[in-house]
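Sequence lines set the chain letters: A, B, ... in the order given, protein chains first and strands last, and positions in each chain run from 1.
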Amino acid sequence: MGIFDKLKSGLAKTRDNFSSRVNGLINSSRIIDEEFYDQLEELLILADVGAKAAESIINDIKKQVRQQKLKAPEQVRTLLKDELERVLSKNAASKDMDLYPRIILVVGVNGVGKTTTIGKLAYKFKQDSKRVLLAAADTFRAAATEQLEIWSERAGVDIVKHEEGSDPAAVVFDAIQSAKAKKADIIICDTAGRLHNKKNLMEELKKINRVIEREYPEAYKEVLLVLDATTGQNAISQARVFKEAVDINGIALTKLDGTAKGGVVIAIADELSVPVKYIGVGEGIDDLQDFEPQNFVSALLDID
Amino acid sequence: MTEKLQSAFKKLTGKGKLSENDVKEAMRDVRMALLEADVNYAVVKEFVNKVTEKAIGQGVLESLTPGQQVIKIVNEQLIELMGSSQSKIKWASAPPTVIMMVGLQGSGKTTTSAKLAGYLAKQGKNPLLVACDIYRPAAVKQLQIVGQKVNIPVFSLEAADPVAISRQGLEYAKKHSNDVVILDTAGRLHIDDEMMLELENIKASVHPDEILLVVDAMTGQDAVNVAKNFNERLVIDGVVLTKLDGDTRGGAALSVKAVTGKPIKFVGMGEKLDDLEPFHPDRIASRILGMGDVLTLIEKAQAAVDEKKAMELENKLRNQQFTLEDFLDQLHEIKKMGPLSQIMDMLPGINSKKMGNVQVDDKELGRIEAIINSMTKQERLEPAIINGSRRRRIAKGSGTTIQEVNRLLKQFEETKRLMRQFTSMEKSGRRGMLKLPF
């Protein structure tokens, strides 16, 4: 199974729900009128694109339909695909994949799948013959360290851990020293889930970030925000606040194997300059894909 | 966003009448507000249609602007849709009561299970937590740790399937006189047939008294699919809404309620293990709408209206012209105005807390109305003529008992006596020194 097939099968439910309705709409409409636009907007909103972003996308499409004097609803499908791709590519991940040593700080609210994503990431880098070190800096949640430990065994990578309740910044500090000694290529830091409106927890995250900058300036630093595809418009607020606090430069979108459409990614790309880097499409250790705007939109709309 | 909505209503403010166009224009922005709060599209559509219909037909209250009137209706409808506050567990007739927690991955089942166990322990129960999540790494360990923190025993079993674990957990509870068993199941996708089947098997095996769906308050449009699938396969009894301590508007709550019709019983408000609270429909309604300020304004305006009515009532009481007829009129108003005690609150010098005898229980309103309706006009104006046989007739006609008729007449007389006392006291200039006879 190629990467594209895997992505498509992971997104099958998404596609079934969304594209069949797009196709149904296009096939049942004979002219492009307000009713048609309203329905297209509905489909985008149902995909969690957000009312505001959907409105702006529809307005862009309207403008282009007018300019190009389009008459057939079928032509709108291509327009929609192009429009979504354009929005998503706007901030596409730059090709920085070969910068080592590297440290990835993984952040996000509670329950989005940070630890699982780290397990998958560790496996992915390990497959690329990289020396990976995990830092169990979620010292808050009960058994979070144990959970990460099991993933480190599955992926076959090392882990640095402290007692529950200890200072997460200290865990990261130790991990950095250990990585330097062992000449590890990548440190992936797990952090406790925190709601972005909790000031003191965001301060704690800033402290971790400062430790990284001070202790490991030679490493390429990546701050990855994990977002749950099931989340609605609050994901935008999450991205905004985490960006302000620790300057996130990538997003991992998880749980795309459900019926959630993850359309909020479009809203985030539209409003904030944070690219999506990975998507989680299953519970297996290899169910983490690089995010490709074209493939994502194609799979979403079922257009090859 | 909230500003946007408020400005939409400002457009309506100051106009004499609420035209169809005005309402529709406002509803466009209500629609946008609800969608941005993540209420499902279909739910929003239905809601907006319903409220539009209602708003166009309705008159505008004296002291409200047309814009405020629309918000008032929107808010009332939202609260109605959210249902009543029902933070109760359905207890088994023969303990232990089995509570099964279900939901998507990461919704907060394990934390909520521990919170709920602690909450019930405070009420004098003796819960047992059962670790049925054998899939997520260290999930059992997590439950053990949080169980220990709230001082609740945790039952777990190595190398067993969740159905066997829950069954043996139940046996364990019976032996150790635990009267509540809380099953923490693994998170699963609602479309994962195999995993959903496992839940059905657990259900068939231990017959839970209460199946609670744990839903992340930040869930988007997909909340309807999740809730619908879980409810169809398991017939849930209620919902726990988690992570409401974030800044999400929580529109998922409305979607889930609309699609399942099941009550939201508890809300999770933080990471501490006592951060489980009963559900308040009015709070979540105003949160979803995102216009607390405007609602406060309306409340104030509303209070002014009530005050005016209270003044009329007060005058009648003072002049001792208050009859059962007026009492009935008041009852008709009560549904709009809240309990009679609130009207009493607005009468100066009266401590409503001391008025227990006069207070009318909302549940009794219907019966009281029936009693008064069964009286002749003469009886309503001169309650003194209501003798034994008239009481019997009234009780029969209203489907109540003579005792209830008596109680009503007594309440009425007490209200009058109270007011007489109040009036004479004011004449002697000792305002606020009223000594109530009860």
Pick from D245(B), N40(B), T110(B), V146(B) with the largest number of heavy-atom pairs that fall under 4.5 Å of chain A: D245(B)
Nearest heavy-atom neighbours spanning D38(A) and Y41(B): O-OH, 4.4 Å
Stepwise side-chain contact (heavy atoms from CB on, under 4.5 Å) test for R136(B) and T115(A): CA-CA 11 Å; R136(B) 183 165 57 95; T115(A) 310; over 6 Å; no
Toward chain B, the part of N197(A) with a non-hydrogen atom under 4.5 Å: side chain
Any donor-acceptor N or O pair under 3.5 Å, side chains N234(A), D38(B): no
R233(B), CZ: over 12 other non-hydrogen atoms inside 6.0 angstrom: yes
Carboxylate-amine/guanidinium proximity below 4.0 Å for K149(B) and E164(A): yes
Over 12 non-hydrogen atoms of neighbours within 6.0 angstrom of NZ in K262(B): yes
Pick from I45(A), V112(A), V109(A), T254(A) with the largest number of heavy-atom pairs that fall under 4.5 Å of chain B: I45(A)
Test item: E55(A) and M32(B) side chains (from C-beta on) under 4.5 Å apart, heavy atoms: yes
Within 6.0 Å of NZ in K198(A), more than 12 heavy atoms from elsewhere: yes
Per-residue contacts, residues 224-232 of chain A versus chain B, heavy atoms under 4.5 Å: T230(A), T231(A), G232(A)
Distance, nearest 0.5 Å, that separates CG of D222(B) from CG of D48(A): 7.5 Å
Top of Q105(B), Q221(B), K243(B), Q144(B) for chain A proximity - count of heavy-atom pairs under 4.5 angstrom: Q221(B)
Pairwise distance CG(D257(A)) to CD1(I191(B)) - rounded to 0.5 angstrom: 7.0 Å
Contacting region of L143(B) [heavy-atom separation from chain A under 4.5 Å]: neither
K257(B) atom NZ: more than 12 heavy-atom contacts under 6.0 Å: yes
From Q238(A) atom CD to M218(B) atom CE, the distance as rounded to the nearest 0.5 Å: 5.5 Å
Nearest atoms (heavy-atom pairs only) where G193(A) meets E271(B): O-OE2, 3.8 Å
Within 6.0 angstrom of R154(A) CZ, more than 12 heavy atoms from elsewhere: yes
Flag if over 12 foreign heavy atoms under 6.0 Å of CD, E200(B): yes
Toward chain B: residues of residues 136-149 of chain A with heavy atoms under 4.5 Å: F140(A), R141(A), A142(A), A143(A), E146(A), Q147(A)
Which atoms of E41(A) approach chain B - backbone, side chain, both or neither, heavy atom under 4.5 Å: side chain
Atom pair CD (E42(A)) and CG (L35(B)), whose distance is rounded to the nearest 0.5 Å: 9.5 Å
More than 12 heavy atoms from other groups under 6.0 Å of CG on D33(A): yes
K45(B), NZ atom: more than 12 neighbouring heavy atoms under 6.0 Å: no
Atom pair NE2/CG of H196(A) and D247(B) - distance to nearest 0.5 Å: 3.0 Å
